[in-house]
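What follows is a set of notes on a single structure, which appears directly below.
Note on naming: letters A, B, ... go to the chains in the order of the sequence lines (proteins, then strands), and numbering restarts at 1 for each one. This is a predicted model, so every value here is computed, not measured.
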Amino acid sequence: MSGDAGAAAADRPRLRYAPSPTGDPHVGNIRTALWSWLHARRHGGAFIVRIEDTDQARAVPGAEERILESLRWLGIDWDEGPGIEGPHAPYVQSQRLPLYGEAVDRLLAAGSAYRCFDTPEQLAAIREERRARGAFGYDGRCRAIAPAEAEARAAAGEPFVVRLRMPDDGSTAFHDAIRGEIRVENATLDDFVILKSDGFPTYHLAHVVDDHAMRITHVTRGDEWIPSTPRHVRLIEALGWEPPTYVHTPVILGPDGGKLSKRHGARSVLEYADEGYLPEALLNFLAITGWALDDHTEILSREELARHFDIGELVPNPAVFDTQKLEWMNGVYLRQLDASRLADLFEARLARDLLREAQRPLDRALVEAIVPLVRERVKLLAELAPMVDFLFTGDIAPPEQEALLGKPYRGRAAEAQHALNACYAALDPIERWTAEPIEVALRATAEELGERAGSLFMLCRVAVTGRAVTPPLFETMELVGRERTLARLRSAEQTLRY
RNA sequence: GCCCCCAUGGUCUAGCGGCCCAGGACGCCACCCUCUCAAGGUGGAAACGGGGGUUCGAGUCCCCCUGGGGGCACCA
């Protein structure tokens, strides 16, 4: 590679999302992926997905596909990774074992790393004994084993791990894009394991080797990794490479300031998808919790984010996941959608939530008629069914007397009954069954009865829909249809008759 | 115990030494609109954790304290 093209390419950031397939990705985890993706898109770089499955014991079947599905749902695409491949394939660590082996051999040959034969039990004992003395970690006793002897024991089949030799004094520093320089004393670093006895690399080794091989420029990950980053820097140095820029992202907290947990509702993006959140809303929300464009902009499209976001501008402190703000934002996005897209979403959602009971297929025209009535009343798709179910069920259970006589008619059963009767009489002769004549008739009825219009409307609302909260009454009655409206009025009246 | 990170209203944040007796958003309260609920409109309550410095001047820089979080595995 030479000339301007090479130089330009070298300037382009390459970021990666490197999840372990141990379960559904957490929103905090996905937020880091999103930020990485945005940064890559903003600067004309590349976004890579790499599966880190070096812990065979914790692998969860199907987890990888769920992770990729989460990314796809949010509209986060990757330039290299599973299903795409590319110049650094494969993108699954368990398929890259030879690479880690080569690195270990080099380290061993250079004397920067050494074999260790302690059993897990021995290590636990060492740890316990040292902790009692106020020391920490591993004491480096295997450094004393001569390389030739270690090699012989390994060749004889004795299980071993490989540890990296850490400097005893001095300090180690690295650059974090959102916190600046972080420096620690080497005395606080012990010789850590880079190759496990099962022949698999640890995270430390594997990610360092892969990030180098894949030319990753910014290592993004949760800030719980900060304490081990100096080790990674030493490893990189021992391998003769240059460290990347680190971006340690803060955590997302639950409403109580603690860890986000099942108690707080959804944690994985797939759960949010299931509850009826829009991907563009969750994406916007995640992007701006921990980052702000300016002092007033909240709603940013995927494209706008990709145009303005910079990973160095992230806020360093942890954020509480504000579900209420997410809901508000989802409502904003829902209201922005055009009618036909909304009808599609509603149709799918209602089919899922209602069809099991109602035997009839969904009436597309009816769904389309609903859109203008509920689009401003729904923040989540999941709220839709309870708001319009009475339109789709053939017969609703007649509302309880108690419900019919809610506030407006409390203690006035006879008057309510009379009012229902009057409404029936007023509506029955209507020829064109649409909202306008219905409204005219009902308002006239209220006046005749000397009743507050609102009170009468509420009585009708409960009688016809079985609910106290619905879309606007007249439009609703239009959709319920003349026959069902009149029948339900009659039925409600019967209920009041005892 | 040792090490590290963080710190503006209930929550997310703007602020990168004077433009801030601190701005926006969600939420909350009130009012308006109104057939319920929403949506929308208007107004309101609500914050720089504490103490020392530096400086003519500190939310903004430094130190300490406090508080919160994380790490100290053959897990990532």
Side-chain angles (χ1 to χ4, degrees), chain A residues 18-20 22 52-55 57-58 116 118-120 123-124 127 131-138 159-163 176 179 182-185 187-190 192-204 206-207 221-230 248 250-251 253 255 257-259 285 288-299 315-329 331-332 335 374-379 383 387 406-408 439 442-443 446 452-462 465 467-474 476:
Chain A
S20 291
T22 54
E52 307 215 323
D53 59 344
T54 55
D55 186 351
R58 293 205 312 158
C116 210
D118 302 308
T119 64
L123 286 173
R127 233 187 337 264
R131 204 168 284 238
R133 294 199 336 255
F136 75 98
Y138 180 64
F160 66 94
V161 301
V162 176
R163 289 180 183 271
D176 184 285
R179 295 157 221 271
I182 295 176
R183 177 179 296 278
V184 303
E185 296 303 312
T188 66
L189 271 23
D190 67 350
F192 62 101
V193 174
I194 56 175
L195 189 74
K196 301 183 257 187
S197 57
D198 63 0
F200 275 68
T202 59
Y203 167 79
H204 306 298
H207 95 274
R221 61 186 15 168
D223 63 11
E224 70 272 17
W225 287 106
I226 290 177
S228 46
T229 304
H248 289 104
V251 293
L253 272 17
K259 272 190 179 153
F285 174 75
I288 68 164
T289 109
W291 178 80
L293 172 63
D294 52 33
D295 64 352
H296 63 276
T297 308
E298 308 282 336
I299 303 297
V315 161
N317 46 303
V320 170
F321 193 92
D322 187 351
T323 308
Q324 286 184 309
K325 187 160 184 172
L326 204 213
E327 280 188 19
W328 162 77
M329 193 170 276
V332 171
R335 274 173 254 128
V374 301
R375 69 180 308 160
E376 311 225 307
R377 277 165 247 270
V378 173
K379 289 202 297 285
E383 297 168 347
M387 198 170 286
K407 284 155 220 140
E439 175 167 10
L442 288 180
R443 284 194 188 281
R452 251 191 82 236
S455 302
L456 184 70
F457 295 167
M458 183 51 88
L459 181 67
C460 290
R461 167 174 286 112
V462 175
T465 69
R467 293 181 180 278
V469 174
T470 72
L473 219 216
F474 320 118
T476 299

* Protein proximity profile, nucleotides 23-38 of chain B - base contact B, sugar-phosphate-only contact S, no contact -, cut-off 4.0 Å on heavy atoms -> BBBBS-------BBBB
* Asked: Is the side chain of A:Ser197 donor-acceptor paired with the backbone N or O of A:Pro159 at a distance under 3.5 Å, no angle test?
  -> no
* Same-atom distance (C1') from B:rA14 to B:rG9, integer angstrom -> 13 Å
* **Contact state string [nucleotides 65-76 of chain B, B base, S sugar-phosphate only, - no protein heavy atom under 4.0 Å]** => -----BSSSBBB
* To do: With heavy atoms under 4.0 Å as the rule, sort A:Val315 into base, sugar-phosphate or nothing.
  => sugar-phosphate
* Pairing nucleotide - B:rG43, Watson-Crick or G-U, each distance under 3.5 Å -> B:rC29
* **Interatomic distance at P, B:rA25 relative to B:rA45, whole Å** => 15 Å
* Rounded C1' spacing from B:rG49 to B:rU8 in Å -> 11 Å
* Return the value, rounded to whole Å, for the distance between atom CG of A:Asp176 and atom C1' of B:rC6. => 12 Å
* Asked: side chain to side chain contact (heavy atoms under 4.5 Å, CB included) with A:Ser455: which residues, sequence neighbours excluded?
  -> A:Pro408, A:Tyr409, A:Glu451, A:Arg452
* To do: Determine the Euclidean distance between corresponding C1' atoms of B:rU55 and B:rG18; express it in Å to zero decimal places.
  => 12 Å
* Who pairs with A:Ala18 by side chain to side chain contact (heavy atoms under 4.5 Å, CB included), at least two apart in sequence or on another chain? -> A:Arg16, A:Arg50, A:Glu52
* For A:Asp295, all residues meeting side chain to side chain contact (heavy atoms under 4.5 Å, CB included), sequence neighbours excluded -> none
* Whether A:Asp190 side chain and A:Tyr138 backbone form a donor-acceptor pair below 3.5 Å -> yes
* Asked: Say you pick atom P in B:rA39 and the same atom in B:rG23; how far apart are they, in whole Å?
  -> 25 Å
* Asked: Is it true that A:Asp322 and A:Lys325 have a side-chain N and a carboxylate O under 4.0 angstrom from each other?
  -> no
* Of A:Val320 and A:Pro316, whose nearest nucleotide on RNA chain B comes first from the 5' end? -> A:Pro316
* Structure fact -> As its Watson-Crick or G-U partner within any shown strand, both distances under 3.5 Å, B:rU55 has none
* Nearest-angstrom distance, P atom, B:rC3 to B:rC16 -> 35 Å
* With a 4.5 Å heavy-atom cut-off, do A:Leu473 and A:Leu442 have their side chains touching? -> yes
* Min side-chain heavy-atom separation A:Met329-A:Ile288 under 4.5 Å -> yes
* Asked: Starting at NE2 of A:His248 and ending at P of B:rC6, how long is that distance when rounded to a whole Å?
  -> 12 Å
* With a 4.5 Å heavy-atom cut-off, do A:Trp328 and A:Phe285 have their side chains touching? -> no
* Hey, does A:Gly331 reach any base, or is it just sugar-phosphate, or nothing, if we go heavy atoms under 4.0 Å? -> nothing
* Rounded to whole angstrom units, what separation is found between the CZ atom of A:Phe285 and the P atom of B:rU11? -> 14 Å
* **Separation of B:rC2 C1' from A:Leu189 CG (nearest whole Å)** => 13 Å
* Asked: Once you round it to whole Å, what is the distance between C1' of B:rA14 and CD1 of A:Ile288?
  -> 12 Å
* Gap between atoms CD1 and P, on A:Ile226 and B:rC4 respectively (whole Å) -> 12 Å
* All side chain to side chain contact (heavy atoms under 4.5 Å, CB included) counterparts of A:Ile226, not counting sequence neighbours -> A:Phe174, A:Arg179, A:Ile182, A:Asp223, A:His248
* Looking only at atom C1', what distance separates B:rG15 and B:rC74, rounded to whole Å? -> 48 Å
* Base paired to B:rC37 (Watson-Crick or G-U; both N/O distances under 3.5 angstrom) -> none
* Taking the same atom, C1', in B:rU60 and in B:rG53, what whole-Å distance lies between them? -> 15 Å
